[in-house]
Amino acid sequence: MARIFAHRGMSAIAPENTLAAIGQCADYGVTWFETDVDIIADGTVVVIHDSHLDRTTNRTGSIYDLQASDLENIDTGSWFSQEFAGEGLPTLAQLVELMNEKKLNGNIEIKSNEQGAERTYQLIDAVIAELEKLDDDREVLISSFNQLLLAELKRRAPHLRLGVLFSKEALGYDWRSIVELVGADAIHVDEDGLTREMVQIARSAGVEINVWTVNSRARANELINWGVDGVITDEAHTFIELESGR
Ligand code: G3P
Ligand code: MG
C-alpha cells in the first residue's frame with residue numbers, strides 16, 4: 001500500500017503548515033501529513049517552512065528573532081483566504097496535541113537551521129522532547145535535507161525512524177552509504193526525474209522510498225505502480241483515494 005502524505009497539511013485547500021491545514025487531514029481520512037519545523041529565539045519549536053515570515057504570514061522578518069509570546073498574534077491564514085484569518089503560527093507542542101486528538105501521524109521535516117551547530121543541537125533536543133508527548137499509537141518519521149543533523153538525532157534518539165531528503169541534484173551514487181551512515185529507514189526523493197529503476201533499486205535494498213512533491217494524479221499513479229512506499233502531495237484531499245483498499 002502506498003501511503004499518502006499531506007504536504008504541509010492540506011495545503012491546496014488551507015494555508016500551509018497551520019493547525020487548520022493539518023487538522024483537516026482527519027476530515028478527509030488522511031492519516032499522515034508532512035510538515036516543517038525550526039526553532040525560534042526562546043527555544044520554542046515552531047511549524048513553518050521558511051526561515052522568514054514574509055511569504056506565509058502578515059509579518060516580515062526572520063523567525064529566529066521571535067519569542068513564543070509573539071506567535072498567536074502572527075496571522076498565518078489571511079494570505080491564503082479570509083476564511084483562515086487569525087490562524088496563529090503553531091508550535092510543535094500544539095501540533096503534538098492535535099496529532100493525539102485527531103489520531104494523525106507525522107512526517108516531521110526538521111529544517112536545516114541557519115544559526116549554527118549549537119542552535120541545531122537545541123532544535124534536535126527540543127523536537128525529541130516534544131515527540132515524547134505523543135500517544136503510544138501515534139507514528140512519526142523524521143526527515144531532513146541535513147544529514148549531519150539526522151545522524152546526530154539518531155544518536156540521541158535511536159528509537160526514531162528517519163528519512164533522508166534528497167533533491168534531484170543530491171541523489172548521487174552514494175545515497176545508500178548516506179542512508180546507512182545516518183541510520184535512516186527511508187529516502188525522500190524529488191519526483192522530478194525519478195525513474196522506475198531507482199525505485200526498484202531502493203526497494204530491493206529494503207529502503208523505504210517516499211516521493212515529493214507529486215501534484216499530478218497521473219504521476220502519482222505511475223509512481224504507485226512502480227512500487228513507491230509513499231507520495232507526498234499538496235492534493236491529499238483527493239489523492240487519498242489512491243491509497244489501496246479505498
Ligand atoms: O518533505 C518533502 C518536502 O517537504 C521537501 O521540500 O521545501 O517542501 O520542505 P520542502
Ligand atoms: Mg517540507
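In listed order, ligands and their atoms are each counted from 1.
When rounded to 10 degrees, the angle formed at the Mg ion (ligand 2) by OD1 (Asp36) and OE1 (Glu109) equals 90°.
The nearest protein atom to atom 7 (O) of ligand 1, hydrogens excluded, is given as His49 NE2, 2.6 Å; this is a heavy-atom distance. The shortest contact between atom 4 (O) of ligand 1 and any protein heavy atom is with Glu34 OE2, 2.7 Å. When only non-hydrogen protein atoms are considered, atom 3 (C) of ligand 1 lies nearest to His7 NE2, 3.6 Å.
A donor-acceptor contact under 3.5 angstrom links the side chains of Thr233 and Asn215, judged on distance only. In summary, the side chains of Ser144 and Asn146 do not present any donor paired with an acceptor at a separation below 3.5 Å, with no hydrogens or angles considered. No side-chain donor-acceptor contact under 3.5 Å links Gln200 and Arg203. Between the side chains of Asp234 and Ser11, at least one donor N or O lies within less than 3.5 Å of an accepting N or O.
In this structure, Glu109 counts as a contact residue of ligand 1, since one of its heavy atoms falls inside 4.0 Å of the ligand.
Using a 4.0 Å cut-off between heavy atoms, Lys111 contacts ligand 1 through its side chain alone, with no backbone atom that close.
Classified by interplanar angle (parallel below 30°, tilted 30° to 60°, perpendicular above 60°), the ring pair His188/Phe5 is tilted.
Backbone and side-chain nitrogen or oxygen atoms of Trp212 are examined, and none is located within less than 3.5 angstrom of a nitrogen or oxygen of ligand 1.
Taking the Mg ion (ligand 2) as reference, the nearest N/O/S atom within Glu34 carries the name OE2.
Clustering ILVMFWY residues whenever any of their side-chain heavy atoms sit less than 4.5 angstrom apart, transitively, puts Ile22 in a cluster other than the one holding Ile48.
Below 4.0 Å from some heavy atom of Arg8 lie the following atoms of ligand 1, by number and element: 7 (O), 8 (O), 10 (P).
Each of Val46, Asp38, Val45 was scored for a side chain to side chain contact (heavy atoms under 4.5 Å, CB included) with Leu92, with one residue passing: Val45.
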